Amino acid sequence: MSKSLSGQNFAGKTALITGSTSGIGLAYAKALAGEGANVVINGFGDADAIEKERAGLEALSGAKALYSGHDLTRTDQIEAMMQEAADAFGGVDILINNAGMQHVAPVEEFPVDKWNLIIALNLNSAFHTSRLAIPYMKRKKWGRIIQTASAHSLTASPYKSAYVTAKHGLAGFTKTLALELATFGITANCISPGYVWTPLVENQIPDTMKARGMTREQVMNDVLLAGQPTKQFVTVEQVASMALYLCSDAAANITGANMSIDGGWTAQ
Ligand code: NAD
C-alpha cells in the first residue's frame with residue numbers, strides 16, 4: 001500500500017473495520033495497520049485463518065490488532081464489539097462500516113427474514129457503530145467515518161431490493177452524519193465501488209459458466225462487467241487506497257461525499 005497516498009502515519013489511532021475477515025474489509029485493515037494504526041477486525045470465518053490474519057496485521061507495523069467476532073445484525077452484539085474496542089484502545093478514531101450481505105430475488109418473493117437481515121447488517125449496524133463511536137471522536141476533536149456503500153447506493157438493479165434500499169439509506173445517513181459532525185473535525189463519507197474482485201465474486205464464475213454455457217471470459221465481460229465500462233474489476237487495494245486518502249489530513253474538507261470507484265458504471 002502506498003504510503004505517499006495518505007502521506008501520514010496513523011500511529012496512536014485506532015481503526016475499527018466491520019466485516020474485515022475477508023475481501024474489501026481485510027484490505028482496509030491491512031492498509032491502515034500498514035500505516036501504524038491499531039485495528040479492530042470483525043467478521044466470520046475459520047478461527048485459525050482469522051488468527052493468522054490478525055497476527056499478520058500486527059506484524060505490519062507493530063501496532064495492535066484485535067479480533068471481535070460479533071454478529072452485527074444484532075444490536076447487543078454491536079454494543080459488545082464497541083465496548084471491546086473501547087476497553088482495549090479507549091475508543092475508535094476511524095470507523096469503517098463495511099460488513100454487508102446480498103440476496104437476489106423478486107420483491108414479491110423476497111424472503112422477509114433476508115430483507116430484515118440485510119437492512120440490519122448493511123444499514124442499521126452503521127447507525128449503531130456510529131452512535132457509539134461519535135462521543136469519543138468528539139472528545140478527540142478528530143474522527144473519520146467511512147461506509148463501504150456501493151454503486152447500488154446511487155443506482156438500482158432488479159432483484160436486489162433490500163441491498164439497494166440499504167445502500168441508498170447508508171448514503172443518506174452519511175450525509176446527515178457529515179452535517180452534524182462538520183464542526184468537530186470528524187468527516188463522514190461513502191466509498192461506492194462497482195464490481196470488486198473478491199472471493200465472493202470469483203466464486204460465482206464457475207456456476208454462471210455452467211448455467212449459461214459461457215466461457216470464463218464471457219461471464220466476466222458479458223455478465224459481471226456488463227455495466228462496468230472499463231471492463232475491469234475494481235481491486236480491493238484500490239478501494240483501500242481511497243480509504244487511506246479519506247483518513248488523511250489532505251481530505252479534512254471532504255465530508256458528506258460519495259466517492260465512486262466503479263469503472264464508469266454510474267456515469268451512464
Ligand atoms: P466479503 O463477503 O468478502 O466480506 C463480507 C464481510 O462481512 C466478511 O468479513 C464477513 O464475515 C462479514 N460479515 C457477514 N455477515 C456478518 C455479520 N452478520 N456480522 C459481522 N460480519 C459479517 O464481501 P466484500 O465483497 O468484501 O464486501 C464488503 C462490503 O463491500 C459489503 O458491504 C459489500 O456490500 C460492499 N461492496 C462489495 C462489492 C463487490 O463487488 N465485492 C461492490 C460494492 C460494494
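Start at 1 and go down the list; that is how both ligands and their atoms are numbered. Computed over heavy atoms, backbone and side chain alike; hydrogens, waters and symmetry mates excluded. All values reported here derive from a predicted model rather than from experimental measurement.
- Of the polar atoms of Val196, at least one N or O is found under 3.5 Å from an N or O of ligand 1, judged by distance alone.
- Between Ile17 and Val39 the shortest side-chain heavy-atom distance falls below 4.5 Å.
- At least one N/O-N/O distance between Asn98 and ligand 1 falls below 3.5 Å.
- Hydrophobic clustering places Val92 together with Phe173 (ILVMFWY residues linked when any side-chain heavy atoms are closer than 4.5 Å, directly or through intermediates).
- If you look at Ser20 next to ligand 1, the close heavy atoms, those under 4.0 Å, all belong to the backbone.
- Here Tyr245 contributes atom OH and Ile146 contributes atom CD1; the two are 12.0 Å apart, rounded to the nearest 0.5 Å.
- Note that CD1 of Ile118 and CG of Leu123 are 12.0 Å apart. Values are rounded to the nearest 0.5 Å.
- Taking each of Phe44, Tyr28, Tyr195 in turn, the one with a heavy atom nearest to atom 13 (N) of ligand 1 proves to be Phe44.
- Regarding atom 35 (C) of ligand 1, its nearest protein heavy-atom neighbour is Thr148 CG2, 3.7 Å.
- Polar contact check, Leu121 against ligand 1: no nitrogen or oxygen pair lies under 3.5 Å apart.
- Here is the list of ligand 1 atoms found below 4.0 Å of a heavy atom in Gly100: 31 (C), 32 (O).
- Of all protein heavy atoms, the one lying nearest to atom 44 (C) of ligand 1 is Ala149 O, 3.3 Å.
- For the atom pair CG (Leu26) and CD1 (Ile41), the distance works out to 7.0 Å, reported to the nearest 0.5 Å.
- Lys138 NZ to Leu181 CG: the interatomic distance, rounded to the nearest 0.5 Å, is 6.0 Å.
- With a 4.0 Å cut-off on non-hydrogen atoms, Leu26 does not touch ligand 1 at all.
- To the nearest 0.5 angstrom, Trp115 atom CH2 is 12.0 Å from His103 atom NE2.
- Listed by number with element, the atoms of ligand 1 under 4.0 angstrom from any heavy atom of His70 are 19 (N), 20 (C).
- Between Lys231 and Glu217 no salt bridge is recorded (no basic side-chain N to carboxylate O distance below 4.0 Å).
- Ligand 1 lies nowhere less than 4.0 angstrom from a heavy atom belonging to Ala151.
- At under 3.5 Å, a nitrogen or oxygen of Leu72, whether backbone or side chain, sits near a nitrogen or oxygen of ligand 1.
- Those atoms of ligand 1 that come under 4.0 Å of a heavy atom in Thr73, given as number and element, are 18 (N).
- Aromatic ring pairs are classed by plane angle as parallel below 30°, tilted from 30° to 60° and perpendicular above 60°; the pair Tyr195 and Trp265 is parallel.
- Transitive grouping of hydrophobic side chains (ILVMFWY, heavy atoms separated by less than 4.5 Å) brings Leu177 and Leu72 into a common cluster.
- Considering only non-hydrogen protein atoms, atom 34 (O) of ligand 1 sits nearest to Tyr163 OH, 2.5 Å.
- Shown in contact with Gly43 at under 4.0 Å from a heavy atom are these atoms of ligand 1, numbered in order with element: 11 (O), 21 (N).
- Of all atoms in ligand 1, numbered sequentially from 1 with element shown, those under 4.0 Å from a heavy atom of Asp71 are 17 (C), 18 (N), 19 (N).
- Nearest protein neighbour of atom 9 (O) of ligand 1, counting heavy atoms only, is Thr21 OG1, 2.7 Å.
- Closest to atom 42 (C) of ligand 1, if we only count protein heavy atoms, is Gly194 O, 3.0 Å.
- Considering only non-hydrogen protein atoms, atom 12 (C) of ligand 1 sits nearest to Gly19 CA, 3.6 Å.
- At distances below 3.5 Å, at least one donor-acceptor pair connects side-chain atoms of Asn98 with backbone N or O atoms of Gly19.
- Under a hydrophobic-cluster definition in which Ile, Leu, Val, Met, Phe, Trp and Tyr are linked whenever side-chain heavy atoms come within less than 4.5 Å, directly or via other members, Leu224 and Val236 are assigned to different clusters.
- Residue-level proximity to ligand 1 for Ser192 is absent, since no heavy atom of it falls below 4.0 angstrom.
- If you number the atoms of ligand 1 from 1 as listed, the ones under 4.0 Å from a heavy atom of Asn42 come out as 20 (C), 21 (N).
- Contacts between Thr198 and ligand 1, counted as non-hydrogen atom pairs separated by less than 4.0 Å, involve the side chain only.
- Contact atoms of ligand 1 toward Ser22: 1 (P), 3 (O), 4 (O), 8 (C), 9 (O) (distance under 4.0 Å to a heavy atom of the residue).
- The shortest N/O to N/O separation between Ser150 and ligand 1 does not fall below 3.5 Å.
- Distances from ligand 1 to the non-hydrogen atoms of Gln77 include no value under 4.0 Å.
- Under a 4.0 angstrom heavy-atom cut-off, Trp197 registers as lying outside contact with ligand 1.
- With respect to atom 43 (C) of ligand 1, the closest heavy atom belonging to the protein is Pro193 O, 3.4 Å.
- A heavy-atom separation below 4.0 Å is found between Lys167 and ligand 1.
- Counting protein heavy atoms only, atom 2 (O) of ligand 1 is closest to Leu200 CD1, 3.4 Å.
- Checked options Thr129, Thr18, Thr148, Thr174; the residue passing with Asn97 is Thr129 (criterion: side-chain hydrogen bond (donor to acceptor under 3.5 Å, both in side chains)).
- Heavy atoms only, all atoms of each residue included: Glu79 and Arg131 are closest at OE2-NH2, 2.9 Å.
- Just one residue in the list Gln77, Glu84, Gln83 forms a side-chain hydrogen bond (donor to acceptor under 3.5 Å, both in side chains) with Ser68, and that residue is Glu84.
- Under the side chain to side chain contact (heavy atoms under 4.5 Å, CB included) test applied with Phe233, the options Thr198, Val201, Val196 reduce to a single match, Val201.
- Gly143 and Met137 get closest at one heavy-atom pair: CA-SD, 3.8 Å.
- Listed by number with element, the atoms of ligand 1 under 4.0 Å from a non-hydrogen atom of Ile24 are 26 (O), 30 (O), 37 (C).
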